[in-house]
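The structure under discussion appears below in the form of structure tokens.
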Amino acid sequence: MKRESSAQKSFQWLQWLPGVVISLLAIGILFRVANWKDVGAALAAYRWPFIMGSLLLTLSFLWTRAWAWTALLEGQARPIQAFWAINQGYLINNLLPLRAGEVGRSVLLGHQINQNPVRVLSTVVIERILDLAFAATLLLSTLPLVVGMAWARTVSWLTLAIILAVLVMLIILSRNQESTLQFFDNITQRWRWRFLRVVILPQLHHLMQGLGALRNPRALWKALFWVGVSWGLAVCNYYLMLLPLAPHARFWWGVFADGVLAMGIALPSAPAALGTFEASLVAALALLGVNSTAALAYAITLHFLQFLVTGVLGLLGFLRQRHSLQEWGQWLQLRERGNLTQ
């Protein structure tokens with residue numbers, strides 16, 4: 001038992017290690033490029049109207065994400081349920097690495113709407129694919145306006161092509177659900193692996209069911225609309241918070257910053273995207289001629305406000321759904337054992 005426990009702890013450390021290393025590297029770079037003594041003065045540039053405006057835009061963003069997720073779930077959850085689950089997921093992301101909140105919110109919402117968590121998780125996967133597609137599109141729309149970013153255009157086109165290919169593949173699989181499941185069933189029978197047949201195949205069935213929105217054009221277009229609105233609100237937020245530090249900023253700067261940030265925080269990192277969030281925005285604004293110290297103050301302010309809003313709402317979500325605390329505890333125990341299929 002002791003050996004098994006020590007092995008589990010070693011595996012957990014290995015899970016944390018890549019993200020922590022990347023975050024430490026990002027923080028180290030920030031210490032080199034920014035004058036931390038002047039960050040406080042830059043932070044003082046933010047007045048309450050900008051803070052309140054950012055908070056309002058963040059809340060609106062979270063509501064639109066709830067509507068988008070509801071569309072992907074084909075109405076199986078109410079928007080208010082999706083709203084609280086999303087914030088609970090952000091709270092978990094702030095505490096655990098590897099975007100554990102995506103699995104956590106799937107488990108929590110799955111229990112509320114009496115759906116298998118794997119089925120709910122498949123809708124989160126679709127949501128993330130759409131997000132990356134929007135991020136790549138934002139970058140491609142603004143790269144011609146940024147000097148010295150020709151290399152990034154190739155990366156963005158490649159990213160968008162891969163994302164669209166994955167999305168098309170998922171649509172094909174969702175529209176051929178029976179034949180896909182039959183194909184994997186034949187494989188399990190041929191290999192005669194009990195684990196594949198008893199554990200993996202049922203979860204694959206739930207996963208395919210969760211791709212239902214890809215077979216439903218109305219649900220998919222509705223999700224695309226709300227995801228698009230959420231990105232528009234995020235861009236407005238990032239532009240608004242630029243104005244106190246860079247009054248000459250143009251609106252497309254917010255578009256570019258949001259696109260770079262989405263790509264940056266997709267990398268493994270410490271919980272809450274610590275370091276990678278700030279480094280992504282500082283790098284984006286440096287290309288636009290914004291002083292690194294001012295850019296760091298901008299990133300810290302935005303990150304803190306988002307951390308505050310999602311943290312408070314996530315905690316409220318757990319408090320108003322006391323049973324969810326038990327569900328999260330059960331999920332953490334399963335995660336410790338490496339068994340999330342139950």
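A ring-ring contact (aromatic ring centres under 6.0 Å, His included) check over residues 27-46, counting only residues at least two apart or in different chains, returns the pairs F31-W36. The stretch residues 283-306 participates, sequence neighbours left out, in these ring-ring contact (aromatic ring centres under 6.0 Å, His included) pairs: F277-H303.
Formation of a donor-acceptor pair under 3.5 Å by the E102 side chain with backbone atoms of R99 is not found in this model. Formation of a donor-acceptor pair under 3.5 Å by the S23 side chain with backbone atoms of L274 is found in this model. Judged by distance alone, with hydrogens and angles left aside, the side-chain atoms of N176 form a donor-acceptor pair with the main-chain N or O of I172 at under 3.5 Å. Remark: side-chain polar atoms of N87 are paired, donor with acceptor, to backbone N or O of F83 under 3.5 angstrom. A donor-acceptor distance shorter than 3.5 angstrom exists from the side chain of R47 to the backbone of A44, with no hydrogens or angles considered.
Of all non-hydrogen atoms in P271 and P97, the two that sit nearest each other are CG-N, 3.9 Å. Between A219 and E74, the shortest heavy-atom contact is CB-CG, 4.2 Å. Minimum heavy-atom separation, W253 to L242: CB-CD1, 3.9 Å. Here the closest heavy-atom approach between residue A71 and residue A223 is recorded as CB-N, 3.7 Å. Here the closest non-hydrogen pair linking P117 and S106 is O-CB, 3.7 Å.
Here L62 contributes atom CG and L313 contributes atom CG; the two are 6.5 Å apart, rounded to the nearest 0.5 Å. For the atom pair CG of L108 and CD1 of I113, the computed distance is 11.5 Å after rounding to the nearest 0.5 Å. The distance from the CG atom of L245 to the CZ atom of F50 is 9.5 Å, given to the nearest 0.5 Å. Here the SG atom belonging to C236 is positioned 11.0 Å from the CG atom belonging to L56, to the nearest 0.5 angstrom. Rounding to the nearest 0.5 Å gives a distance of 6.0 Å between CG of L233 and CG of L57.
R128 CZ: more than 12 foreign heavy atoms inside a 6.0 Å radius. Other residues, nucleotides and ligands contribute at most 12 non-hydrogen atoms within 6.0 Å of the CH2 atom of W67. Atom CE of M52 has 12 or fewer heavy atoms from other residues, nucleotides or ligands within 6.0 Å.
Hydrophobic clustering (side-chain heavy atoms under 4.5 Å, transitive across Ile, Leu, Val, Met, Phe, Trp, Tyr) groups L55 together with M241. Residues L287 and V282 are members of separate hydrophobic clusters, defined by side-chain heavy-atom contacts under 4.5 angstrom among Ile, Leu, Val, Met, Phe, Trp and Tyr. I300 and L25 fall into different hydrophobic clusters, where Ile, Leu, Val, Met, Phe, Trp and Tyr residues are linked whenever their side-chain heavy atoms come under 4.5 Å apart, directly or through other members. Residues L164 and W157 share a single hydrophobic cluster, defined by chaining ILVMFWY side chains whose heavy atoms lie under 4.5 Å apart. The same ILVMFWY cluster, assembled from side-chain heavy atoms under 4.5 Å apart, contains both V309 and Y238.
In this structure the side chain of Y239 never reaches within 4.5 angstrom of the side chain of V255, judged on heavy atoms. Two residues are said to be in side-chain contact when any heavy atoms from C-beta on lie closer than 4.5 Å; I163 and L130 fail this criterion. Contact of the L285 side chain with the F256 side chain is not registered, since no non-hydrogen atoms from C-beta on lie closer than 4.5 Å. In this structure, P79 and T70 have side chains that are in contact, with non-hydrogen atoms separated by less than 4.5 Å. Counting only heavy atoms from C-beta outward, the side chains of L109 and L73 approach each other to under 4.5 Å. Within the 4.5 Å cutoff, the side chain of L72 has no heavy atoms near those of the V124 side chain. Annotation: side chain of V312 is not in contact with side chain of L315 (no heavy-atom distance under 4.5 Å). Side-chain contact between I126 and L214: present, with at least one pair of heavy atoms (C-beta onward) separated by less than 4.5 Å.
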* To do: Please step through side-chain contact (heavy atoms from CB on, under 4.5 Å) for the pair I171 and R215, ending with a clear verdict.
  => CA-CA 7 Å; I171 291 175; R215 299 189 298 271; over 6 Å; no
* Check the pair L160 / L140 against side-chain contact (heavy atoms from CB on, under 4.5 Å), numbers first and verdict last. => CA-CA 9 Å; L160 184 59; L140 287 171; 3.7 Å; yes
* To do: Decide yes or no on side-chain contact (heavy atoms from CB on, under 4.5 Å) for L220 and N216, but give the supporting numbers first.
  => CA-CA 6 Å; L220 184 57; N216 185 342; over 6 Å; no
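One side chain, S230 or R65, offers a donor N or O that lies under 3.5 Å from an acceptor on the other. Judged by distance alone, the side chains of S54 and N237 do bring a donor and an acceptor atom under 3.5 Å apart.
Residues passing the side-chain hydrogen bond (donor to acceptor under 3.5 Å, both in side chains) test with W63: none are found, sequence neighbours excluded.
Here R105 pairs with E127 in a salt bridge; the nearest charged N to carboxylate O distance falls below 4.0 Å.
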